[in-house]
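The next block holds one structure in the form of C-alpha cells; read it before the comments.
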Amino acid sequence: MSGPDSAAVGRTTIADRLRALQGAALTLPVAYGGTLLLLLCAYIARPALLSPFLLLLILRQAAPLGIAVLGQSLCMRVLSLDLSFGGVAMVVSYILTAGMLPLPDWLLILLCLGVGVAVGAVNAIFITWLRASSVIVTLAMAMVLGGIVIAFSQFRAPGDAPDLLRLVGQARIGIVPVAPFVWLALLVPLALFLRLSVFGRHVDAIGANPRAAWTSGIPVVQVIFTVHILSATFAVFSAFLLVGFVGVGSIDIGRDLALNSLAAVILGGVTFGAGRGGVVGPAIAAFMLTFLFNLLTSFGLGEPGKLMMQGAIVALAAIAYTARNRNRGIWK
Amino acid sequence: MTFREVTKRFGSTAALSAVSLSGAAGSVHAVTGENGAGKSTLMKLLAGVHRPDEGEILLDGGRIAFAGPGDALRAGISTVFQELTLLPNLSVAENIFLGREPRRGGLLDRRAMRRAARQALDRLGMTLDVDTLCGALSVAEQQMVEIAKGITADARVFIFDEPTAALNAPEIAKLEALIGELKARGRLVFYISHRLDEIFRFCDTVTVLKDGEHVATAPTATLDHDRLVALMVGRALGQLYPPRPAAPAAPLPALQVEGLVARDGMPAVGFALMRGEILGLAGLEGQGQRDIVRAMAGLEAPSSGRVALHRDGVVHQLGHSVVATSRAGIGFVPEERKTEGLYLTLSIAQNIALGLLRNRRPWARARVDQGRIAELMAAMRVRARDHRQAVGTLSGGNQQKVMIGRWLAAGIDVLLVEEPTRGVDVGAKSEIYALLRDFAARGGAVLITSSELTEHLGLCDRILVVRGGAIVAELEAASASEESVMRHAIAGTATAGSAAA
Amino acid sequence: MSGGFVPNLLPGLAARRARTGLGLVTFALPLLFFVALSIGAPEFLGFANLANVNSQITALLIVSLGQLLVALSAGVDLSVGSMLSLTSAILVGVDPGLAVPLALLAGLAVGLANGIGVAVFGVHPLVMTLAMMTFLQGLALLVSPVPGGDVPDWLEAVVRFDLAGLPGAFFWCLAVVAGMALLLHRTRFGLRIFALGANAESAALNGIAVVAPQIACYVICSLFAVLAGMFLSARVATGDPTMGMPFALESVTAIALGGVQLAGGIGSVTGVVFGVLTLGLMTNGMNLVGISPFIRAATTGVLLLLAISLQRRRFIGV
Amino acid sequence: ADEVELLPDGLMTPTTEEMVPADKYKKDPPWTIGMSFGGVGNSWIVQMIQEAKYVAAQNPKIGEFIFVEANWQPAKQVSDMEDLITRKVDALIVGPIAFPLVKTQVDAAIAAGIPVITFGVSDGELNSTTEIMGGGEEFGRVGGEFLRDKLGGEGTVWAFRGVAGVGEETLRYNGFVKSLEGSDIKIGAEVFGDWNYAKGKQLCENLVLSGQPVDGIWFSGAEMTRACIDVFQDTGKPMVPMTGEGNNGFLKVWSESGIDSVAPVFTPGLGPAVVRAAVALLEGKPVYKTYFSSPPPITNANLSDYVRDDLNDAFWVPSTLPEDEIQKTFKR
Ligand SMILES: Nc1ncnc2c1ncn2[C@@H]1O[C@H](COP(=O)(O)OP(=O)(O)OP(=O)(O)O)[C@@H](O)[C@H]1O
Ligand SMILES: Nc1ncnc2c1ncn2[C@@H]1O[C@H](COP(=O)(O)OP(=O)(O)OP(=O)(O)O)[C@@H](O)[C@H]1O
Ligand SMILES: [Mg+2]
Ligand SMILES: [Mg+2]
C-alpha cells in the first residue's frame, strides 16, 4: 500500500506546484493575455502590423497613453480617480503653442510642469480637505481647464510646438522612436519607488483600508496629495508627447486620455480597494489598447464596426479575466 | 440537527476535518476552542455561508444543502455572526427586519416594522430609537441589535457566534434570559464564546474544537473551568493574568491629560498615565470612555483640553491629529478591527510591516526585518498558513493579535487599546496580557477600555471609573473588586464628587 | 486632520441625512440660482421659460434617476448615454411599429449584460459600462448613421402635449420621480438596494439575494435611458445616433450634486431632482444672461467645483 | 429692385427666384440677433464666427449679437434655440447639427414672427425664411472628380471624413461617392478624423502603418490633409494625390511640397452672409429664399493667389475680414 501512496503524494505535489503556477498565470492582469491574443490576430489577418518598424511606431503612439496611465493607476491605488487629463493636455498644448507668452521654450515647459503640480494640488485639496467626490472634482477641473483655454484661444488653433518637444515626439534613433524612452524613463523610477519606498507601502495601506490607515497614523492626506500631484504631472508629460507628436497645437488634444487610461489601468490589473496592482500591467494594457485601435483601423470597418469591436473586446477581456479569478472571492 | 464528518478546506488550510456533532432541540450547545479552531467555520456551514467539502449536515434527519444564507434563514436557522453584519445606512428597525420585511398591499409596512422592532428591543431592555441609523451606534449597541435581529427570527436553530465579546455584564444577563426562553420553547441554540463562565452559566453541552478537529463533547455539568481550558488549549494554563510588578517609588508620567473635554457637553477630565503601568478606563457601556480615548489618540478633535507626552524629561504638547500623535509615539488599537483596524486584503506580514515603518519618511527605503515579523507572529501565536495569508481570512482572534502585534512592533511609548482581547481565546488572552505587561515593564504605558470588568481587575494597575463622561473614581486594581467598581459605575450609588484629579 | 473621519455618533436628523446624502447645499444651490436668475434675467420667471427649463431637464432627470439606482447599488453606468443614442437611432431606423418594443428590448438586453458582467462576473462597473458605452455608440451609428427620420407620431403626441396649461414634460417628470420614489422607499427591493449597496457581503449574510437585485438595477437603469431616449427623440422630433453622448457624465454629475455617493448605499430621489435642477438652471441661466460660449465651460466647471466642495461628505472617496 | 449683396466677388449667388416679401420682418433698430450653432472645435468655424461677429459689431443697428453653440449636442441645440426665442430675439440664425432636430423650434420662431436664417440648405425640410450655404455635395464632388482624373478612373482611395453624424459632413461625403460612380475607383478605407489635425494624423498613421494600399486620398476638409502629408513625409511613403481645402496651413504645405491637389472653396464669409441676410430682413429689404456659395476651387494653377506666407496656419480663404483685422488675428 505504501508504494502507490507515496506515488500519490509525489503526484499531488507536482500537481500542486502546477496548480500554483497556473494560479500565478491566472492572476496575471488581463492585459498580458489580451495583448498576446491581439498580436495573434494581427499575425493572421494583418501581418504588416507586426514588422518591428511598425510595432515601434505603435509603441510611440502608446507612450502618451502609457504615461497618463501611470498617473491614473496611482490614483486608483488610493481609491481616487483623475479624469482631468484632457483639460491638463489642453492647457499644456495652449501654453506651448499659442505663443502668447514671450518665453523661451524651456521656461514654457517648466511652466507647464508648474501648472500640472498646481492642478494636482487643487484636485487634492478638494478631494481631501473638502472631501468632495474625486470623479466630480476632476471632471469639473477638466471643464475649468478646457474652458480657460477656450476663453483665451476663442477656439483659434494655436501655432507650432516647441522644437524640443517635436524632436522628442517625432525623432527616431535608427528605427527606434524616442518617445517610448520617455515613457520608460518615467515608468521605471516610479515602479521602483513604489516597490521600495515607505510611500509605496502607504499607498497599499490606503488602498486596502483608508480608514484603518487613518486611525493608525498614516498621513493619508499627504499621500493623496502627492498622488494627485504626480498624476497631474504625468498628464503634463503625456501632453508633451502628444503635442510633440502632433507638432502643432490642437484644441481637443488628449480628449480620450482620461477614459482610455481608466480602461487601461483596470485591464492592467489594478483594482479599486484591494491594495493591489503594479505599474507594468497597466503599461502593457496601454500598449494593448493602442494596438487594438490600430488593428481595428486597419480592418477598415468604419466607425460603427470599429466602436463595436472595441467595446466588445474590452468587455470580453475583462469578463474572461474576472471570471477566471472568480473563485478567489468570499463566496464559495 | 447533526453534523456528520464535515470537512472544510480553504486552499491548503483545513479549517475543519471530519467534525461530527449533534445538538438536540431544547438545549443550549456551546462550541468552544482556540482562535482559529474552526468554530465560526462550522457555524457558517450551518448558516449557508460555506458548503462542506466532505460530510453532510442533517436537519430533522434530512440532509440540507443551502445555496446561501437566505436558504438557511428560510429553513429556520437564525445566525448572529461573529462579524457584525448590520448595514450602517439602515435604521435599527430596517436592519432587524432586513430580508423579511413586513409588507402590506405589496409595499413595505414601515409602521409594522417599527412596532415589531420596538418590541424586540424591549425584550432586550434597550431604549434605542428604532429610527436611528446603525452606523451611529456603538459596537455594543450594534451587537445588541444583532441579537435582537437573531432572536426575532422565527427559527428552530439559533446560532450565536461570540455575541458577548463587546458586551457588559447587565447586557449579558439579558441575553442569558432570552436564551433561556428559547430553550424553554424547545429551540436548539449553538453558543460560541471565549468567556468560559458564560458557557457554564448558559449551556447544557459543550463541544471543544482544536485545529479544526473535534476534541470532546460533554455535558457542562461534568466539566469544570480548568478541565475545559485543558481541553481547549491542550495544556494546563497557569495564571491568566501576568503578575503585577511592584509600583515604582517615583513613577514617571508618560501622558498627562488636562481639562480634556472630549466632546461638546461632556465634563472635563484630567489624569496622568504613568510609565510602566497599565491603566483601565472602566464603566458602563457608552459612558464616554471611548470618546476620551479617541480624543487622546487624536482621532477626534476635543472641544478643549490638552494632552502632553513626557519623554526623557521633555514635554511634548500633542496636536489633534492622528498623524501627529502616532509620530510622537502613541499607538491606538480600535475596537472595530474590520473597519478601522486592519488591512484585510493585505497579508499578515504587510500589516505588521506597516507598524514597523511607522516613523520612517515616505521616501525612505521600506525594508523591514522579516525575522522580526516571524518573531512577532510566533510570540503572539498567530495561527495562520504563513505570513503571506491575507488578514481577512484569519479567524477573529488571530486578527486581533495581528492588530496589537502591529503596534508592539512599532516602537512606541504609549498604547491606547480599546477592548484588547475582543474575541480572543483564553490561551491567546494570556499571551496578549503578557505582551502588554511586558510592553509596560519596558517603560511603555498602556491605557485600556474593556467591557470585561475582570480584565480591568486582573490586568490593570489602576482603574479609573467613568460615568457620564466624568472620572468618578480612581481605584487600585489590586484592592478593587467587581462590586467596588460597579458601585462607582452605576449612577446614584456612588458618592458624587470623588472624581480623580 | 481631525476632520478626516466624522465620529460614529450622529444625532437623529443628521443620522437620517447620512442615508439620503442630502445637505443644505443640495437645496440651497438651485434655490440660489433661481433667485439670482429671477433678479438678473427678466425673462426667467416667464411661464414660457419655466416650461422650457422643465422640458430641457426632463431627459437628464430620467437618466439620472436610473443612474441613482445603480449608484445606490455601489455601481455606475456610463453606458446610459449611448443607450439613449441607440434608442434614438432605433426609433427612426426601423419599422415604426417595431421601434418602441425593439428599443425596450435593447434596453433590457443591455441592462442584463451590464448587470451580469458586474454582479456575476465581478467586472468593475466602470470598465463594463465604459466598454458597453463604446459598443452601443457603434451600434447606434450602424442602425442610423446620420440624424434624421421621423419618430412615430403617437410618441410625439405622448411627449408634446399640454394638459391644464402644463407641458407634457412636467407629467413625465412627475411620473418617473413618483415611480422611482415608490420603488426605492416603499418596496422591499428598494430597501435591499440600500442594504447591498452599503455592504454586499453583510447584506448577503443577512440572507438577502445580492446578485439578482444588482442586475435589476442595471436593467432598470438601461430602461430609464431608453425612456429618456424616447422622450428626447420625440422632443426634437427626430433621431440622432449621437444624441446621448453628454448624458453619461452629466447624469453622474447630477447625482453627485444631489448628494448621492458613488460608493453606494447613500442617496435619494429628492437629491437627484435638485441635482438635475441645478445643472438645468446653470445652462438655462447662462443662455439667458448671455454668458459668452467661450467662457461657458469654465463657468460650469467652477460652479460645479463650488457646489461639490460645499457638500463635505463623511469620507474621502470616489 | 436693389439687390442685397451678401458677399462680394461672386462668392454667393441666389439659387431661387423666390423672394421673401419685402417689409415682412421690418423692425426698428436696435435689433437683437441670436445665432445658434451646432458646435465649434475647428478653426474654420472659429473664423466664420469671428467674421460674423465682426460684421455684427460694425453695424450700429445691431444692439446685441448673441452667439450660442451646442457643443455638437442635439438636445443642447434645441434648448439653446428655445432660450433664444424666449429672449425674444429679432432674428434667429441657426446652423443646425441636423435639420430635423431644429424643425420644431424653427416653426416656433416663425410663428412668433421671428425670421429664421438657416445656415444650410434644407430643401424645404425647414420653414426657414432664408437659407444660405456653401460646400455640401459640391465640395465632395470637386475632390472626387479631381481624384478620378488623377487616378485615371481606377485604383484605391481612402476617405477621411469629418464628425460622424453631422449633416454637412454627410453631404460632402455623398457628393464624393456620387462623383466616383461609374469609375473603377474603390474606397479602401473610411475613417472619421473629426476635421481635426491631431486625430487625422493618428488615423493616417494607423492606415499607413497597417500597409493598406492607397492611390489617392479624399478629405472632407479642414486640417486633416496637412496631417496626412506630414505622416507620409515622416514615414517616407511616396506622396499620392490628396484633396484639401482653402486653409492657409494646407496651402503652404501644398505650395512647398508641390504635390497634386485641389482645394474646394468653402468661405468663412458665410458667417457675415447670414448676418447680412438677417439685417436685410429686419430692414425690410428683399431677400431670396436660398443662396449658395460655390466659387471655383483652388488648383495648382492659381494656388499662389491664395497662399499667405505671412499668416499662420489657422487662416482660411477667402476671408471677408479687412486686412488689418486679418493681420491682428492671424499674424504668424
Ligand atoms: N474565507 C477564508 N479563507 C481562508 N481561510 C479561512 C477563511 N475563513 C476561515 N479561514 C481559516 O479557517 C480557520 C478557522 O477559522 P474560524 O473563523 O472558523 O475560527 P474560529 O474558531 O471561529 O476562531 P475565533 O475564535 O478566532 O473566531 C482559520 O485558520 C482561518 O484562518
Ligand atoms: N427585478 C425587479 N425589478 C423591480 N422590482 C423588483 C424586482 N425584483 C423584486 N422587486 C420588488 O422588490 C420587492 C421584493 O420582492 P421579492 O420577490 O424579493 O420579495 P420576497 O422576499 O421574495 O418576498 P416574499 O417572500 O413575500 O415573496 C417587491 O415589491 C418587488 O416588486
Ligand atoms: Mg470565529
Ligand atoms: Mg418572493
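First the proteins, then the strands, lettered A, B, ... as listed; each starts at 1. Values below: every heavy atom of this structure, side chains too, minus hydrogens, waters and symmetry copies.
In this structure, the portions of B:Leu108 lying under 4.5 Å from any heavy atom of chain C include both its backbone and its side chain. Of the atoms belonging to B:Ser91, it is backbone heavy atoms, and not side-chain ones, that fall under 4.5 Å from chain C. Residue contact with chain B, scored on non-hydrogen atoms closer than 4.5 Å, involves the side chain of C:Leu182 exclusively. Using a 4.5 Å cut-off between heavy atoms, B:Lys149 contacts chain C through its side chain alone, with no backbone atom that close.
Although no hydrogens or angles enter the test, the distance criterion places no donor-acceptor pair under 3.5 Å between the side chain of B:Arg103 and the main chain of C:Arg188.
Contact check for C:Phe194 versus B:Leu87: no side-chain heavy atoms found under the 4.5 Å cut-off. The side-chain heavy atoms of C:Leu205 and B:Thr79, taken from C-beta on, include no pair separated by under 4.5 Å.
Here the CG atom belonging to B:Asn89 is positioned 9.0 Å from the CG atom belonging to C:Leu72, to the nearest 0.5 angstrom. To the nearest 0.5 Å, the span separating CD on B:Glu94 from CG on C:Leu191 amounts to 4.5 Å. Put simply, CZ on B:Arg100 and CD1 on C:Ile208 are 12.0 Å apart, with the number rounded to the nearest 0.5 Å. Here B:Asn95 contributes atom CG and C:Asn206 contributes atom CG; the two are 6.5 Å apart, rounded to the nearest 0.5 Å.
Checked against side-chain contact (heavy atoms from CB on, under 4.5 Å), B:Arg294 has the following partners two or more places apart in sequence or in another chain: B:Arg290, B:Leu299, B:Glu300, B:Phe332, B:Pro334, B:Glu340, B:Glu418.
If you tally non-hydrogen atom pairs under 4.5 Å between each of B:Leu73, B:Asp109, B:Leu84, B:Leu90 and chain C, the highest count goes to B:Leu90.
Among residues at least two apart or in separate chains, ring-ring contact (aromatic ring centres under 6.0 Å, His included) pairs with a member in residues 249-274 of chain C are C:Phe27-C:Phe274.
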